[in-house]
Amino acid sequence: MLAVDLVGDFFLISEKTKSIFEQHQLCTHRFYPLGLYKRKVKYNYFLFSIISDYSSNVDYEKSIFVEHDLLTGEKGDFVLLDSRKKLLQKNNRLQNKKGIQWAIQSEKIVMNENFNKELDFFNITRLDSATYVSERLKNSIESNGLTGWEFIPADNLIVDD
C-alpha cells in the first residue's frame with residue numbers, strides 16, 4: 001500500500017484519469033462532470049468526490065495512537081484504544097483539555113479482517129489524513145503517463161493478506 005500526497009475529499013481529474021480509476025476498486029465515490037474552458041475551448045474534467053471512512057475496520061488494540069497538535073505538529077502522549085467508540089470519547093476529552101486543534105492520530109494502523117483488501121483507493125479518516133493507493137492503481141497511473149502524483153510508501157499501514 002502507498003500513500004499519495006493529495007489534499008481533501010474532492011479531486012479534479014481528467015477523462016483519462018477517470019477511465020483508469022473506473023478499472024479499479026475505489027471507496028464510495030461519485031464523478032461529477034465539469035467543463036473547463038481555456039480561450040473558449042472546452043476541456044472535459046471531472047470532480048472526483050470520495051466518501052471514505054474505514055475507521056470501523058481498524059484493529060485498535062494492535063494499532064498505535066498519539067496525541068497530536070494539528071496546528072504545530074507537536075506530539076503528546078501515546079494513547080491506548082480498544083475501539084472506535086473509545087477513540088471518539090478520548091478525542092473529545094483531549095480537545096476539552098488541550099484545545100480544539102488537538103486530536104488523536106495514528107502512528108501505526110492495523111486493519112482488521114473485515115477490511116476490503118482489494119480496495120485500490122481510500123481514506124481511513126479520523127486517524128490520519130492520508131489517501132491510500134494500491135500498487136495496482138499506482139502502476140496504472142504511471143504506465144498511462146498521468147502526472148501530478150507523488151507516491152509515498154505507507155509504512156504506517158498494515159493490511160494482512
Has Ile100 got more than 12 heavy atoms of other residues, nucleotides or ligands less than 6.0 Å from its CD1?
no
Mind checking the CG-CZ spacing from Asp53 to Arg84? Nearest 0.5 Å is all I need.
5.0 Å
Any link between Leu47 and Tyr43 through a network of hydrophobic side chains (Ile, Leu, Val, Met, Phe, Trp, Tyr) touching at under 4.5 Å?
yes
Using the rule that Ile, Leu, Val, Met, Phe, Trp and Tyr join whenever any side-chain heavy atoms are under 4.5 Å apart, tell me whether Val159 and Tyr132 fall into a single cluster.
yes
Trp149 reachable from Phe48 in the ILVMFWY side-chain graph, under 4.5 Å edges
yes
For Phe11 together with Phe121, are the ring centres under 6.0 Å from each other?
yes
With sequence neighbours excluded, what pairs up with His24 under the ring pair (Phe, Tyr, Trp, His ring centres under 6.0 Å) test?
none
Would Ile141 and Phe151 count as a side-chain contact (heavy atoms from CB on, under 4.5 Å) if you check the C-alpha gap in whole Å, the side-chain angles of each, and the deciding distance to 0.1 Å?
CA-CA 11 Å; Ile141 288 169; Phe151 299 103; 3.9 Å; yes
Closest approach of Ala103 to Leu70 (non-hydrogen atoms, all atoms of both residues)
CB-CD1, 3.9 Å
Lys62 bridged to Asp82 by N-O distance under 4.0 Å
no
As an exercise, state the distance from CG of Asn114 to CG of Asn57, rounded to the nearest 0.5 Å.
6.0 Å
If you look only at pairs with a residue in residues 72-81, which of them pass as a side-chain hydrogen bond (donor to acceptor under 3.5 Å, both in side chains), with sequence neighbours excluded?
Asp69-Thr72, Lys75-Glu107
Within the 4.5 Å heavy-atom criterion, are Phe31 and Ile13 side-chain neighbours or not?
yes
Measuring from Leu26:CG to Ile50:CD1, what's the distance to the nearest 0.5 Å?
9.0 Å
List the atom of Ser106, the atom of Asp128, and the distance in Å for their closest heavy-atom pair.
OG-CB, 3.7 Å
Shortest non-hydrogen pair, Lys16 vs Asn144, comes out as NZ-O, 2.7 Å
Report yes if the side chains of Asp120 and Phe21 come closer than 4.5 Å at any heavy-atom pair, otherwise no.
no
Is it the case that over 12 heavy atoms from other parts of the model lie below 6.0 angstrom from the CZ atom of Phe46?
yes
Closest heavy-atom pair, Asp59 versus Ser63, reported as atoms and distance to 0.1 Å, is O-OG, 2.8 Å
For the residue pair Ser52 and Asn123, what are the closest heavy atoms and their distance?
OG-O, 2.6 Å
Answer yes or no: are there more than 12 heavy-atom neighbours, outside Lys18 itself, under 6.0 Å from its atom NZ?
yes
Nearest heavy-atom neighbours spanning Phe115 and Met111:
CD1-CE, 3.4 Å
Any pair counted as ring pair (Phe, Tyr, Trp, His ring centres under 6.0 Å), so long as it reaches residues 62-112, sequence neighbours left out
Tyr60-Phe65
